[in-house]
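From a predicted model like this one, the values you see are computed outputs, not experimental measurements. Excluded from the calculations below are hydrogen atoms, water molecules and symmetry mates; all remaining heavy atoms, backbone and side chain alike, are included. All chains are named by letter (A, B, ...) in the order of the sequence lines, taking the proteins before the strands, and each is independently numbered beginning at 1.
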Amino acid sequence: MTIPNDTAAAGAPVRVRFAPSPTGNLHIGGARTAIYNWAFARRNGGSFILRIEDTDPERSTPENTAQIIRSLRWLGLEWDEGPEVGGAYGPYLQTERFGTYREALERLRQRDAVYPCFCTPETLAAKREAALAAKSYAGYDRNCRTIPADEAQARIDAGEPHTWRLKVPLERGDVVFDDLVFGTTTFPATQLDDFILVRTDGTPTYNYVVCVDDALMGITHVIRGDDHLSNTPKQILVYEALGAPLPQFAHLSMILGADGKRLSKRHGATSVEAYRDEGYFPEALLNYLALLGWSLDGETTLFGADVLTGNFSLSRISRNPAIFDEAKLAWVNASYLKEMGAAAFVDALLPYLKREGLTREGSAATPASPEEVAADVAANRPWYEALYPLIAERAKTLAEVLPMLAYLFAGDELVLDEKSVEKCLRVEGADEALARTQNALADERLPWETEAIEAALRSIPTELGIKPKLVFQAVRVAICGNMVSPPLFESLELIGRTRTLARVERALALLS
RNA sequence: GUCCCCAUCGUCUAGCGGUUAGGACACCGCCCUUUCAAGGCGGAGAUCACGGGUUCGAAUCCCGUUGGGGAUGCCA
């Protein structure tokens, strides 16, 4: 095995990695870490590598790996090496690298940097508790370090269960490193213990494999969550034992929930896919996450991926933990919705229409097939694009759009909101207003266009001597089923003359 | 217990020895208006966690305290 000796040298091409453990889906925090790594690589003309840390067979699943990959792609992140794309430093799944870890252990044995430990988990636990009770450091007491080599080998040959521990040089001293985000960080030598590299069952531990892989893959900058800050000194010791050059470290503070606690299921949606399903745009999530802990200039809040990859720098990363603010994410998303334009909007809406089986002429009671929906959208593109201005300034997410436009897809089965009926329909003058509306709209000479419709209805309040609000709110409830809806005249045009008149008729019948 | 890290409006942040402490979200008011939004204008909101220093001068530098987070696993 060859460990490159010059990768961390100044001027070497940047190589960074995102190394998720597939024990769950890609969550907000992981996504941000991936985004920063990716942006750093792109900004510096380096390589972004994806490595799956699936060494825990209990909790890792191929499904989780697949979902993490899907989420990263959805966000628009492309890796230069990793699953699905390959690369010269593979394989990129740790479970496929066990041979490499065994070789690395062999190398460490030759360098006298490890030793077998025969302590049982029980005795270890007992000692730890005793140390805690004595209010002192609870690390390993190096009990097996002094076992003579031949005796140790004999016990191994006899089949005695053992782990392999790192033989931390006694004269090592404090571990000091310069974190690119947190600055100089010092861990006292008294806190360093001979931790386990290889378990009884022969599988390697995280703090060990992460170093072997980062060294072998030539990683120059390790950018990761600050829950690993305390692991860094251990890993530095492994690099030293391996004789590998040290990468630079940059730790990212955690993302917290609204209560200031670490983000978890209790806080609702935490996975990238959940936000996708709720109708958030990948560009918006990327934008918001990039801003959660990093700033371009303190002023700019809306920017695209190109701005990020063109300006990202570790020095502008904030050290304090950030609370995830869903309201601001929603606002960012709304900004993208307002800017995306009708064509892109229809494309984005299509999956939602398919999911609900909605078509122009369909009805809520009889959902159309996805094929029928696609065909309807293709055949009536202008009609669908006309929806965009109605909701672009009203909805924050795609998921909010369909309920807002339900009246356009209700066919002849529009359900009237009871409260709206009481407030706007069952009132003095509403029946007269509807009758006049019916009259005006029934005239075949009236072009069925927003402007003409508006012109035809505008005069009604004056003629009746009542407030415009009374008339239009009555018509709104009759047509849209609710006192709150997108713009009225545009809606009438989209619904069509026949159906509009039918709805007015129905409302009138309700009142008589 | 031991060790490490953090601390500016409710939230995300700008600030890197001299500023009326800036911006964004959220909030409040007004305007616009047939609803809801969007938009425009304006407002409130931070004794820069607290206490000591250093300095002519500190949100910015140092020390301590408090609070929060992390590590201390044969998890990652």
Between U2(B), A76(B), U34(B), which nucleotide has the shortest distance from any of its atoms to the side chain of Gln473(A)? U34(B)
is_close_aromatic(Phe312(A), Tyr36(A)), centroid dist under 6.0 Å: yes
Of the nucleotides G73(B), U35(B), U13(B), which one has an atom closest to the side chain of Ser485(A)? U35(B)
Ignoring hydrogens and angles, does a donor from either the side chain of Asn231(A) or the base of A76(B) sit under 3.5 Å from an acceptor on the other? yes
Distance between the P atoms of G29(B) and G70(B), in whole angstroms? 39 Å
Check the orientation of His162(A) and Phe118(A). Use parallel for under 30°, tilted for 30 to 60°, and perpendicular for over 60°. tilted
With C1' as the reference atom in both, quote the distance from C48(B) to G22(B) in angstrom, rounded to an integer. 14 Å
Given the P atoms of U2(B) and C9(B), what is the spacing between them in whole Å? 30 Å
Arg316(A) vs G15(B): side-chain N/O to OP1/OP2 distance below 4.0 Å: yes
State which of A14(B), A76(B), G39(B) makes the closest approach to the side chain of Lys338(A). G39(B)
Taking the side chain of Thr55(A) as its heavy atoms from C-beta onward, which of C6(B), G1(B), A76(B) lies nearest to it? A76(B)
Which nucleotide in the set C12(B), C4(B), A76(B) lies at the smallest distance from any side-chain heavy atom of Leu229(A)? C4(B)
Ile52(A) versus Gln94(A): any side-chain heavy-atom pair under 4.5 Å? no
Taking N and O atoms by type only, does the side chain of Lys328(A) place a donor or acceptor under 3.5 Å from a partner on the base of A26(B)? no
Among the candidates C74(B), U34(B), G70(B), find the nucleotide nearest to the side-chain atoms of Pro121(A). C74(B)
From C5(B), G23(B), C36(B), pick the nucleotide closest to the side chain of Arg394(A)? C36(B)
Provide the distance between the two P atoms, one in A37(B) and one in G42(B), to the nearest whole Å. 22 Å
Which nucleotide in A76(B), U2(B), G1(B) has an atom nearest any side-chain atom of Ala138(A): G1(B)
C75(B) OP1/OP2 closer than 4.0 Å to side-chain N/O of Arg199(A): yes
Nucleotide of C25(B), G73(B), C12(B) approaching Trp331(A) most closely (side-chain heavy atoms): C25(B)
When you measure from the side-chain N and O atoms of Asn207(A) to the phosphate of G73(B), is any distance below 4.0 Å, counting only OP1 and OP2? no
Ignoring hydrogens and angles, answer whether the base of C74(B) and the side-chain atoms of Thr200(A) contain a donor-acceptor pair closer than 3.5 Å. yes
Rounded distance in Å between the C1' positions of U19(B) and U60(B): 12 Å
Euclidean distance for P, A14(B) against A7(B) (whole angstrom): 10 Å
Could you check Asp297(A) against Asp201(A) and say which one's nearest nucleotide on RNA chain B is further toward the 5' end? Asp297(A)
May I ask which nucleotide in the shown strands pairs with C25(B), Watson-Crick or G-U wobble, both distances under 3.5 Å? G10(B)
Provide the distance between the two P atoms, one in C74(B) and one in U11(B), to the nearest whole Å. 38 Å
Does Arg128(A) place a side-chain N or O at less than 4.0 Å from the phosphate oxygens OP1/OP2 of G73(B)? yes
With rounding to whole Å, what would you report as the distance between A59(B) and U47(B) at their C1' atoms? 12 Å
